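Working notes for the structure below.
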2 protein chains.
Amino acid sequence: MSNPVDLLRAAGVRVTPGRVRSLEALQAATQPMSHADIESLLPDVDRVTLYRVLDSLVACGLALKAVDTRGVFRFSASGPHRQHDGHIHFRCTSCGGVSCLKAAPPPPPKLPRGFRLDAVEFDVRGTCAQCAGQSA
Amino acid sequence: MSNPVDLLRAAGVRVTPGRVRSLEALQAATQPMSHADIESLLPDVDRVTLYRVLDSLVACGLALKAVDTRGVFRFSASGPHRQHDGHIHFRCTSCGGVSCLKAAPPPPPKLPRGFRLDAVEFDVRGTCAQCAGQSA
DNA sequence: TTGCAAATACAACCAGGTTGCAAAATAAAG
DNA sequence: CTTTATTTTGCAACCTGGTTGTATTTGCAA
Ligand SMILES: [Mn+2]
Ligand SMILES: [Mn+2]
Ligand SMILES: [Zn+2]
Ligand SMILES: [Zn+2]
């Protein structure tokens with residue numbers, strides 16, 4: 001069962017409307033969503049509550065949280081999907097949309113002695129086909 | 001002549017204390033600085049004025065503006081220096097410091113038809129040697 | 001059904017950045 | 001050295017994305 005209520009129950013967290021609806025939204029999404037994206041889908045969920053709901057979904061393993069290159073958090077359902085992992089993303093600076101690219105992420109660089117690597121991120125920005133077409 | 005007043009004069013912009021002092025600060029810096037970095041060096045320059053001063057230096061070619069991976073702008077003097085161009089950078093998540101790495105930036109990926117590339121950025125985060133040592 | 005821990009709403013706050021506008025400063029012309 | 005037109009500055013207000021504190025409400029187990 002991948003319905004939100006059962007997933008939440010199985011994860012051992014309280015089943016609340018905010019969690020159920022946020023998880024539904026994440027499951028329905030085709031791309032990782034920002035807090036603002038989700039908020040516009042669930043206008044009657046309090047802003048701060050939504051931040052905490054999303055973090056709780058991450059904490060219990062039902063969602064993934066990643067920073068995009070603008071430093072904005074993006075959330076996705078982490079079911080059996082395992083999407084968006086072995087490829088990089090393109091961000092349109094005009095519409096803000098994210099597109100999956102076929103390319104693999106670049107390998108992490110060698111660091112000087114004593115340095116510890118936490119994360120690498122490859123940011124690719126530009127104008128998507130739609131936006132480029134409209135302005136032309 | 002690479003003194004700020006002459007550079008500003010030669011660039012055809014008005015010579016103001018804020019511009020002179022900001023350009024001095026950028027020239028003295030060993031790394032690209034954020035607005036906050038520069039502000040702490042020039043506490044009596046108005047916050048908004050500093051944003052505009054920095055943008056004016058960029059507009060007249062005396063400074064370079066780049067976004068770091070947290071989406072924060074970083075400014076550097078763009079004299080005959082041409083530093084920080086062919087290599088990538090490491091950001092310490094503990095102290096916020098930036099270190100130059102020897103590695104070259106990864107090549108830009110192929111994009112789907114119609115997409116236009118503006119910029120790529122490789123973000124490498126972790127803990128620097130100093131911070132790693134202190135916590136150990 | 002009751003009771004307590006967990007979750008929610010609301011207000012306040014923060015960083016980084018932008019906008020509008022009146023007052024002040026630059027630099028050119030007289 | 002003044003006058004003047006144009007920039008620049010300072011200040012207040014605002015914006016997005018995010019966090020913290022706390023009183024109230026809710027989930028759910030006993
Ligand atoms: Mn993807
Ligand atoms: Mn460098
Ligand atoms: Zn677009
Ligand atoms: Zn450090």
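To find a chain, count down the sequence lines: A is the first, B the second, and so on, and within it residues start at 1. The structure displayed is predicted, hence computed values, not measured ones.
Here dA25(C) presents its P atom at 14 Å from CG of Asp46(B), a figure rounded to the nearest Å. Here dC28(D) presents its C1' atom at 10 Å from CZ of Arg9(A), a figure rounded to the nearest Å. Per the geometry, CG belonging to Asp68(B) stands 16 Å off P belonging to dA15(C), to the nearest Å. Taking atom CG on Leu8(A) and atom P on dA7(C), their separation rounds to 11 Å, with Å as the unit. Atoms CG (Leu50(B)) and P (dT19(C)) sit 16 Å apart, rounded to a whole Å. For Leu42(B) and dT9(D), the CG to P distance is 12 Å, given to the nearest whole Å. As rounded to whole Å, 18 Å separates atom P of dT8(D) from atom CZ of Arg21(B).
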- Could you go step by step and tell me if Leu64(B) and Phe75(B) meet the side chain to side chain contact (heavy atoms under 4.5 Å, CB included) rule? CA-CA 6 Å; Leu64(B) 297 171; Phe75(B) 300 87; over 6 Å; no

- Message: Leu54(B) vs Leu26(B), test: side chain to side chain contact (heavy atoms under 4.5 Å, CB included). Steps then yes/no.
- Response: CA-CA 10 Å; Leu54(B) 291 170; Leu26(B) 291 180; 4.3 Å; yes

- Tell me, with the steps shown, if Phe90(B) and Leu111(A) meet side chain to side chain contact (heavy atoms under 4.5 Å, CB included). CA-CA 9 Å; Phe90(B) 175 94; Leu111(A) 300 182; 3.7 Å; yes

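For Thr49(A) and dA7(C), the shortest distance from a side-chain N or O to OP1 or OP2 is not below 4.0 Å.
Side-chain N or O atoms of Arg19(B) include one that pairs as donor or acceptor with a backbone N or O of Arg14(B) at under 3.5 Å. Panel note: side chain Arg74(B), backbone Pro32(B); a donor-acceptor pair is recorded below 3.5 Å.
With a cut-off of 3.5 Å on both Watson-Crick or G-U wobble distances, the partner of dA30(D) is given as dT1(C).
Positionally, the nearest nucleotide of DNA chain D for Arg14(B) lies more toward the 5' end than for the other of Val53(B) and Arg14(B). Closest-nucleotide positions on DNA chain C for Pro17(A) and Val13(B) were compared, and the one nearer the 5' end corresponds to Pro17(A).
Hydrophobic clustering (side-chain heavy atoms under 4.5 Å, transitive across Ile, Leu, Val, Met, Phe, Trp, Tyr) keeps Val48(A) apart from Leu42(A).
Among the protein residues, Thr16(B) comes within range of the sugar-phosphate backbone only, with heavy atoms under 4.0 Å from sugar or phosphate atoms but none that close to a base.
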- Task: Can you check each nucleotide of nucleotides 15-22 of chain D against protein heavy atoms at under 4.0 Å and return B for base, S for sugar-phosphate only, - for none, in 5' to 3' order?
- Result: --SBBBBB

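Both tests pass for Lys65(B) against the ring of Phe73(B): distance under 6.0 Å to the centre and angle within 45° of the axis.
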